[in-house]
Amino acid sequence: MSPCAAAARPRSRGGHEESASQTAGPYVHIGLAPNAAGIPMFGGRDFGAAMIAGDPAGPRIVLTCRVLDGTGAPLRDAMLEIWQADAEGHIPPRDPGLAGWARRACDAETGLWRLETVRPGPVAGQAPHITVMIFARGINLALHTRIYFEGEEANAADPLLNRIDPPERRATLMAQPGADGGWHLDIRLQGVDETVFLDV
């Protein structure tokens, strides 16, 4: 796995690149999160609607995020898949109260998405983090990235963070604590503060 800064650009596969007609269309919410698109299905709950499936161990947190395009405008029709370890660092989680996987559709008005979960534990020498896969129009091959927690002591020894060069770009993966006790991070697809994306 290596950091890659090729966000929102066509991916080359053996010398061939995607054409415009091969990129994901504007129907991500309809296809993957129909209830979020106002289409009632599956009893009103989209797949992956809840990360917390019971009473998991560990501190509860609320993570909010926006996906921003190259102009800084929020993508209001993006959809994200999210994976994480339980509070003890097991992935997939052994805690029956934590699903370990969720989907979030960006709000159609604000572009914001919100996840109620528990703070994950460190995984096999890696700092606590949440893995995110982004689906949106113009992106056929989903983008992968991670969300770490600013101020976490284990960040200094995290093998992935330490491979990001220049080191200043590690900040693009750091959720910041808010005054309300929650955490927030914006994912930027392009631009000066472009998020570090990963080839997986």
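Using a 4.5 Å heavy-atom threshold, the side chains of Leu112 and Cys65 count as separate. The shortest distance between side-chain heavy atoms of Trp101 and Ile82 does not fall below 4.5 Å. Within the 4.5 Å cutoff, side-chain heavy atoms of Leu189 are placed close to those of Ile139. Contact check for Phe197 versus His144: no side-chain heavy atoms found under the 4.5 Å cut-off.
Side-chain N or O atoms of Asp69 include none that pairs as donor or acceptor with a backbone N or O of Gln190 at under 3.5 Å. A donor-acceptor distance shorter than 3.5 angstrom exists from the side chain of Glu152 to the backbone of Ala154, with no hydrogens or angles considered. Without hydrogens or angle criteria, Thr110 side chain to Asp107 main chain gives no donor-acceptor distance under 3.5 Å. Without hydrogens or angle criteria, Gln176 side chain to Met174 main chain gives a donor-acceptor distance under 3.5 Å. The closest donor-acceptor contact from the side chain of Arg103 to the backbone of Asp46 lies at 3.5 Å or more, if one exists at all. At least one donor-acceptor pair under 3.5 Å links the side chain of Thr145 to the backbone N or O of Val196. Using modelled atom types, one side-chain atom of Asp86 and one backbone atom of Asp95 make a donor-acceptor pair closer than 3.5 Å.
The shortest non-hydrogen separation linking Met79 to Ala33 is CG-CB, 4.4 Å. Nearest heavy atom pair, residue Ala87 against residue Gly58, reads CB-CA, 3.7 Å. Contact record, Ala85 with Pro93: C-CG, 4.5 Å, taken as the closest heavy-atom pair. Heavy atoms only, all atoms of each residue included: Val67 and Cys106 are closest at CG2-SG, 4.3 Å. Minimum heavy-atom separation, Ala50 to Arg45: CB-NH2, 3.4 Å.
With a 6.0 Å radius and a threshold of 12 heavy atoms from other residues, nucleotides or ligands, Arg60 has its CZ atom above the threshold.
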(request) Step by step, work out the side chain to side chain contact (heavy atoms under 4.5 Å, CB included) result for Asp158 and Tyr148. (result) CA-CA 10 Å; Asp158 183 84; Tyr148 290 85; 2.9 Å; yes
(message) One pair to check against side chain to side chain contact (heavy atoms under 4.5 Å, CB included): Ile164 and Leu173. What are the steps and the verdict?
(response) CA-CA 11 Å; Ile164 296 175; Leu173 304 183; 3.7 Å; yes
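With salt bridges taken as basic N to acidic carboxylate O contacts below 4.0 Å, none links Glu168 and Arg170. Between Arg188 and Glu194 no salt bridge is recorded (no basic side-chain N to carboxylate O distance below 4.0 Å).
With rounding to the nearest 0.5 Å, the separation of CD1 in Ile187 from CG in Asp193 is 13.5 Å. In this structure, CZ on Arg114 lies 8.5 Å from OG1 on Thr64, to the nearest 0.5 angstrom.
Trp113 and Ile61 end up in the same hydrophobic cluster when Ile, Leu, Val, Met, Phe, Trp and Tyr side chains are linked at under 4.5 Å. Connection of Leu161 to Val200 is established within a shared hydrophobic cluster, with ILVMFWY side chains joined at heavy-atom distances below 4.5 Å, either directly or through further cluster members. Phe135 and Ile39 fall within the same hydrophobic cluster, where Ile, Leu, Val, Met, Phe, Trp and Tyr residues are linked whenever their side-chain heavy atoms come under 4.5 Å apart, directly or through other members. Follow the hydrophobic side-chain contacts under 4.5 Å out from Met51 and you reach Leu185 in the same cluster.
For residues 32-54, the ring-ring contact (aromatic ring centres under 6.0 Å, His included) pairs, not counting sequence neighbours, are Phe42-Phe47.
With sequence neighbours left out, the side chain to side chain contact (heavy atoms under 4.5 Å, CB included) criterion links Pro59 to Arg119.
Between Gln84 and the options Leu63, Leu98, Ile147, a side chain to side chain contact (heavy atoms under 4.5 Å, CB included) holds for only Leu98.
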Atom pairs and distances, donor-acceptor, side-chain atoms in residues 122-134, under 3.5 Å, two or more places apart:
{"unit_1": "Gln126", "atom_1": "OE1", "unit_2": "Arg146", "atom_2": "NH1", "d": "2.8"}
{"unit_1": "Gln126", "atom_1": "OE1", "unit_2": "Arg146", "atom_2": "NH2", "d": "2.8"}
{"unit_1": "His129", "atom_1": "ND1", "unit_2": "Ala127", "atom_2": "O", "d": "2.8"}

